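Structure first, then comments.
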Number of protein chains: 2
Amino acid sequence: MALTVGDLARASGVNPSAVRFYEAHGLLSAERTSGNQRRFQDADVCRTKVIRVAQRVGLSVAEIRQVLDDLPPDPAPGDWRRLAESLVAEAHRRISQLQQVLGEITGGEKLCELEEPAGLLPDRLRSSGRHLA
Amino acid sequence: MALTVGDLARASGVNPSAVRFYEAHGLLSAERTSGNQRRFQDADVCRTKVIRVAQRVGLSVAEIRQVLDDLPPDPAPGDWRRLAESLVAEAHRRISQLQQVLGEITGGEKLCELEEPAGLLPDRLRSSGRHLA
DNA sequence: CTAGGAGTTCAACATTTGTTGAAGTCAACC
DNA sequence: GGTTGACTTCAACAAATGTTGAACTCCTAG
């Protein structure tokens, strides 16, 4: 059963314009009717939901395209599973990065010297003895 | 000791154009010389580093402005500490969100039906019996 | 005092991720 | 076969986050 842009959009919770955008950027692909209208597959509903989840994980459209390019058209359950695992891995990577930032905030280096007596900035980084006039 | 745009940029590891951008958006503020050149304070080096860290946490410039607006000019160590704590809290929030996405990927709902025999899409979501001609 | 590097403003460009509107075409239902 | 809602393309706009360039001015060093 072929889905129109509107069908797919409704079923996956996005705007039709977003569906067209994803197709234009190679995240989705569609057959065309003789009158040039798009017809999607049922599996594209899943594909589209994956796109949205991947975006929430923090992937750009280009990155999502990469991971979806490994997905055969009409994928088997194992294909979806591998895709899910790769998203999980990516999410863990993003969490690690956030935890690293946490470390930088709370950690030893203090992000800044919290005191500011006299020479906060090493003089060699200063272009010269600027004043305010 | 007043810092020029270039001084501040070098000391905090950003581009001078970014410094001007941050000032234009209220994240930084500067005195002006009689010849209209910006002069920043030493504390602005810290401020700018905080901006970059906050961005890595995922805050937008508008959001960073909010948290920086609570910061007095020439802040005391306690002010920096409170700011750091609020960034830490925000980072934890982002981590939680990622973990929630993780739950959605691996969790019960399966994100999609992994089987696709016949009726993946409930018929009432389909606009009608579309074919491909 | 003057030269030259660094500063100024402003507009344009760049990228990402879409949305909106106009003008025109399709296709499902009666 | 008509009507009408949904589709098509294309261009323009939008917001965020800057960068780049032109044209011009400043200020520090010598």
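On a predicted model such as this, the values are computed, not experimentally measured, just so you know. Naming convention: chains lettered A, B, ... in sequence-line order (proteins, then strands); numbering from 1 in each chain.
For residues 4-44 of chain A, every residue pair satisfying the ring-ring contact (aromatic ring centres under 6.0 Å, His included) rule, not counting sequence neighbours, is listed here: A/F21-A/H25. Pairs passing the side-chain hydrogen bond (donor to acceptor under 3.5 Å, both in side chains) check and including a residue from residues 11-21 of chain A, sequence neighbours excluded, do not occur.
Candidate nucleotides C/dA28, D/dC27, C/dT9 were compared by shortest atom distance to the side chain of A/R39, and C/dA28 ranks first.
The interatomic distance linking B/L3 (CG) with C/dA6 (C1') rounds to 15 Å, in whole Å. Rounded to a whole Å, the CG atom of B/L27 is 12 Å from the C1' atom of D/dG18. To the nearest angstrom, C1' of D/dC26 lies 18 Å from CD of B/E31. Counting to the nearest Å, the C1' atom of D/dC7 and the CD atom of A/Q37 are 4 Å from each other. Distance CG (B/D7) to C1' (D/dT28): 13 Å, rounded to an integer number of Å.
A/R93 pairs by the salt bridge (charged side-chain N to carboxylate O under 4.0 Å, His left out) definition with A/E90, not counting sequence neighbours. Scored by the side chain to side chain contact (heavy atoms under 4.5 Å, CB included) test, A/E85 finds A/R81, A/R82 as partners (sequence neighbours excluded).
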Practice task
Would you give a per-nucleotide map of nucleotides 11-19 of chain C, 5' to 3', where B means the base has a protein non-hydrogen atom under 4.0 Å away, S means only the sugar-phosphate does, and - means neither?
Solution key: ------BBS

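Looking only at atom types and distance, the side chain of A/R94 has no donor-acceptor partner in the side chain of A/Q97 under 3.5 Å away.
Contact annotation: A/R38 side-chain N/O to D/dT8 OP1/OP2 distance is under 4.0 Å. Listed pair A/R20 / D/dT9 fails the phosphate criterion, with no side-chain N or O lying under 4.0 Å from OP1 or OP2. Under 4.0 angstrom from either OP1 or OP2 of D/dC7 there lies at least one side-chain N or O belonging to A/T4. For A/R32, no side-chain nitrogen or oxygen approaches OP1 or OP2 of C/dT25 to under 4.0 Å. Between B/T33 and the phosphate of C/dG7, there is no side-chain N or O to OP1/OP2 separation shorter than 4.0 Å. In this model, the phosphate group of D/dA6 is not approached by any side-chain N or O of A/R10 to a distance below 4.0 Å at OP1 or OP2.
In this structure a side-chain-to-backbone donor-acceptor pair under 3.5 Å is present from B/R47 to B/L27.
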Donor-acceptor pairs are to be reported for all side-chain atoms of residues 62-71 of chain A against protein atoms at under 3.5 Å, with residues two or more places apart or in another chain.
unit_1	atom_1	unit_2	atom_2	d
A/E63	OE1	A/S60	N	2.7
A/E63	OE1	A/S60	OG	3.4

